There are 2 protein chains.
Amino acid sequence: MSSRKPPPPRVEPPNVPRERPGPAGGRRDANRRRRLAELCAAAEELFLAEGIAAVTVDQIVARAGVAKGSFYRYVRDTEELVATMIQPLADAMRAAITCAHAALESADAAATLTAIYRDLAAQLADAALAHPGLTTIYLQEARAPRVGPRRPICALSDEVERAAVTLTRAARDHGLLRTDYDLRVSALAAIGAADRILFAHLSDEFSGDPRDTVTDLVSVILDGVRSR
Amino acid sequence: MSSRKPPPPRVEPPNVPRERPGPAGGRRDANRRRRLAELCAAAEELFLAEGIAAVTVDQIVARAGVAKGSFYRYVRDTEELVATMIQPLADAMRAAITCAHAALESADAAATLTAIYRDLAAQLADAALAHPGLTTIYLQEARAPRVGPRRPICALSDEVERAAVTLTRAARDHGLLRTDYDLRVSALAAIGAADRILFAHLSDEFSGDPRDTVTDLVSVILDGVRSR
DNA sequence: GAATAACGTGACCGCTTAGTCACCATTCTA
DNA sequence: TAGAATGGTGACTAAGCGGTCACGTTATTC
């Protein structure tokens, strides 16, 4: 992990009181967000070091410096904490994918498709760089069995992969991708390759700008796919 | 998971008594191997369903139908059980890589390199098909933090990736791979892509022969890499 | 064939874990 | 400004966990 430590993510509290939540920006609202951010930051450090399934609530609250009862005031359990903490990354990924779909709607040349894919890869790399810890956890756990506290990450991964397949199919339907190669294989293979390379950058196996690495990689794979 | 359920793997007991192990093929030897195979089979089922870190010794021995004290007679802890159970897959992967290196030594044409890589991919796919449960667990956990019971899987993944980079570098040194593309990026991206596709086959997201899918994928990536 | 190491066992031990709770403090609503 | 909802707490509860143990059985060694 690079030495740059980003600020705790701005997460949306999943459980806000119904009757007297206090005004937006009020003391209660601010305290609630701060506490939740502290819990998320503590959980992130521990999940990176040990893996989600091995981290206990006691470890999280000790690292965050809050009482155990507070943990359960803000989240139902560890799974809900995971769902909460990955929201910023999930939002950024969804934004990148939405952007790519929009660009595809108005694309009209095969060369433009390459640019769209490269831009998508760059935006996903930017999302990763904005949330290096979360992305590392995401990449570590995305293929886990879909049970327990890792489930929100697996669900996000499933969603991203479905979107990638949908995007690739739309490209073919627009006549921008002419290949006999299986669309799902190419979409999932590209994700698998990009994920591994991103993971290498985030764990300092590689140096340099990951944006460059993953956009070049996407071109390489697209060229290979087109040659079929 | 396909309905075909392979027999329990033949694993080598990690802890054999020193003084009176009994003769090879004797009652004790046979019982020891059978018990260990039962523990491995039970663990595999549970690891697939819940993930390694969430499975307890009590669950494993209950599923295997052996007493808890027996568990500790045959393995030190869950980590050693994981190391033991993945040996057949590890051996098969090492054999495939060794084969590819040997083939590379006597290769003399760029087209032969494609054949070597395809053959390697096919052999790794065969290894996966011979051990579908183990491979699925491997693919689920290979990027986990390198602590705790998942460590043997992470170590195997690191070894396989180093070997892939070494193989790619040897190909370039033999003049069989001419590209300006970063060798490590191409090696790890190919593994990342192949792993995702293999995972799709093993979890029945894809039908058809995974050998065909991954060998074609390797060609696609190699073609893309060479075009740089 | 007697002796010895290895095996099989499941209760047990000490500790850990998720989640709750009752009480006091704080914030905000009417 | 009084009252009510919300927050903060850490001891507590009930259950679970890793790992051990002492004893009887079995297999093998000399």
Side-chain angles (χ1 to χ4, degrees), chain A residues 13-39 42-43 46-47 50-83 147-151, chain B residues 13-39 42-43 46-47 50-83 147-151:
Chain A
N15 298 318
V16 178
R18 293 191 177 178
E19 297 184 64
R20 295 187 166 190
R27 280 295 189 111
R28 290 210 155 150
D29 186 47
N31 284 350
R32 191 179 298 140
R33 291 175 187 279
R34 182 173 52 79
R35 288 290 191 172
L36 194 56
E38 286 163 355
L39 285 168
L46 290 162
F47 291 162
E50 303 182 34
I52 291 175
V55 170
T56 68
V57 172
D58 278 335
Q59 284 179 287
I60 295 171
V61 299
R63 177 70 63 101
V66 305
K68 197 170 186 181
S70 288
F71 180 96
Y72 289 99
R73 277 199 183 284
Y74 294 119
V75 290
R76 185 177 307 117
D77 51 22
T78 304
E79 180 177 337
E80 189 167 80
L81 182 65
V82 170
V147 295
R150 302 187 282 180
R151 189 174 2 214
Chain B
N15 296 320
V16 177
R18 294 190 176 181
E19 296 185 65
R20 294 187 167 189
R27 282 291 190 113
R28 292 219 152 142
D29 185 48
N31 284 349
R32 191 179 298 141
R33 289 173 189 281
R34 180 172 54 80
R35 287 291 192 173
L36 194 56
E38 285 163 355
L39 285 169
L46 291 162
F47 291 160
E50 303 182 32
I52 291 176
V55 170
T56 69
V57 173
D58 279 333
Q59 284 178 287
I60 295 171
V61 300
R63 178 69 63 100
V66 305
K68 196 169 187 180
S70 288
F71 180 96
Y72 289 99
R73 277 201 184 284
Y74 294 118
V75 291
R76 184 177 306 117
D77 51 20
T78 305
E79 180 176 337
E80 188 166 81
L81 182 65
V82 171
V147 294
R150 303 187 283 180
R151 190 173 4 212

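Given the structure is predicted, the values throughout are model-derived calculations rather than measurements. The sequence lines fix the lettering, A, B, ..., with proteins before strands; numbering per chain opens at 1.
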Is the shortest heavy-atom distance from the side chain of B:Pro21 to the side chain of B:Asp29 under 4.5 Å?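 No. Closest side-chain heavy atoms not under 4.5 Å.
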Would you mind reporting whether A:Pro149 and A:Asp77 have side-chain heavy atoms less than 4.5 Å apart?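 With C-beta onward as the side chain, the pair stays apart.
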Side chain to side chain contact (heavy atoms under 4.5 Å, CB included) evaluation trace for A:Arg32 with A:Leu36: CA-CA 6 Å; A:Arg32 191 179 298 140; A:Leu36 194 56; 5.9 Å; no
Residue pair B:Leu39 / B:Ala64: nearest heavy atoms and the distance that separates them: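 Here B:Leu39 and B:Ala64 meet closest at CD2-CB, 3.9 Å.
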Rounded to the nearest 0.5 Å, what's the gap from [atom1] on [X] to [atom2] on [Y]? Could you check?
X        : Y       : atom1 : atom2 : result
A:Arg150 : B:Glu50 : CZ    : CD    : 10.5 Å
B:Glu38  : B:Asn31 : CD    : CG    : 9.5 Å
A:Phe71  : A:Ile60 : CZ    : CD1   : 5.0 Å
B:Arg73  : B:Arg35 : CZ    : CZ    : 11.0 Å

Below 4.0 angstrom, which residues in residues 14-24 of chain A have at least one non-hydrogen atom near DNA chain D?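 Result for residues 14-24 of chain A: A:Pro17, A:Arg18, A:Glu19, A:Arg20, sorted by number.
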Residues from residues 52-61 of chain A sitting under 4.0 Å of DNA chain D, heavy atoms only?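 The stretch gives none, as no residue of it lies under 4.0 Å from the strand.
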Please state how far atom [atom1] in [X] lies from atom [atom2] in [N], giving the value in whole angstrom units.
X       : N      : atom1 : atom2 : answer
A:Phe71 : C:dC21 : CZ    : P     : 17 Å
B:Tyr74 : D:dG19 : OH    : C1'   : 17 Å
B:Leu39 : C:dT9  : CG    : P     : 11 Å
A:Arg33 : D:dG7  : CZ    : P     : 12 Å
B:Arg76 : D:dG18 : CZ    : P     : 16 Å
A:Arg34 : D:dG7  : CZ    : P     : 13 Å
A:Asp29 : D:dG7  : CG    : P     : 10 Å
A:Asn31 : C:dT26 : CG    : P     : 12 Å

If you count heavy atoms of other groups shown closer than 6.0 angstrom to CZ of A:Arg76, is the number above 12?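 No, not enclosed.
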When you look at CZ of B:Arg27, are more than 12 heavy atoms from neighbouring residues, nucleotides or ligands closer to it than 6.0 Å?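 No, because the 6.0 Å sphere around CZ of B:Arg27 holds 12 heavy atoms or fewer from other groups.
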Distance below 4.0 Å between [X] side-chain N/O and [N] OP1 or OP2:
X       : N      : value
B:Arg73 : C:dA6  : no
A:Arg35 : D:dT9  : yes
A:Arg28 : D:dT6  : no
A:Tyr72 : C:dC21 : no

What do the steps show when you test A:Phe47 against A:Val82 for side chain to side chain contact (heavy atoms under 4.5 Å, CB included), and what is the final call? CA-CA 10 Å; A:Phe47 291 162; A:Val82 170; 3.8 Å; yes
Which pairs, protein N/O on one side and nucleotides 10-14 of chain D N/O on the other, fall under 3.5 Å?
| from | atom 1 | to | atom 2 | distance (Å) |
| --- | --- | --- | --- | --- |
| D:dG10 | O6 | A:Gly69 | N | 3.2 |

B:Thr56 and B:Thr78: side chain to side chain contact (heavy atoms under 4.5 Å, CB included), yes or no, with the steps? CA-CA 8 Å; B:Thr56 69; B:Thr78 305; over 6 Å; no
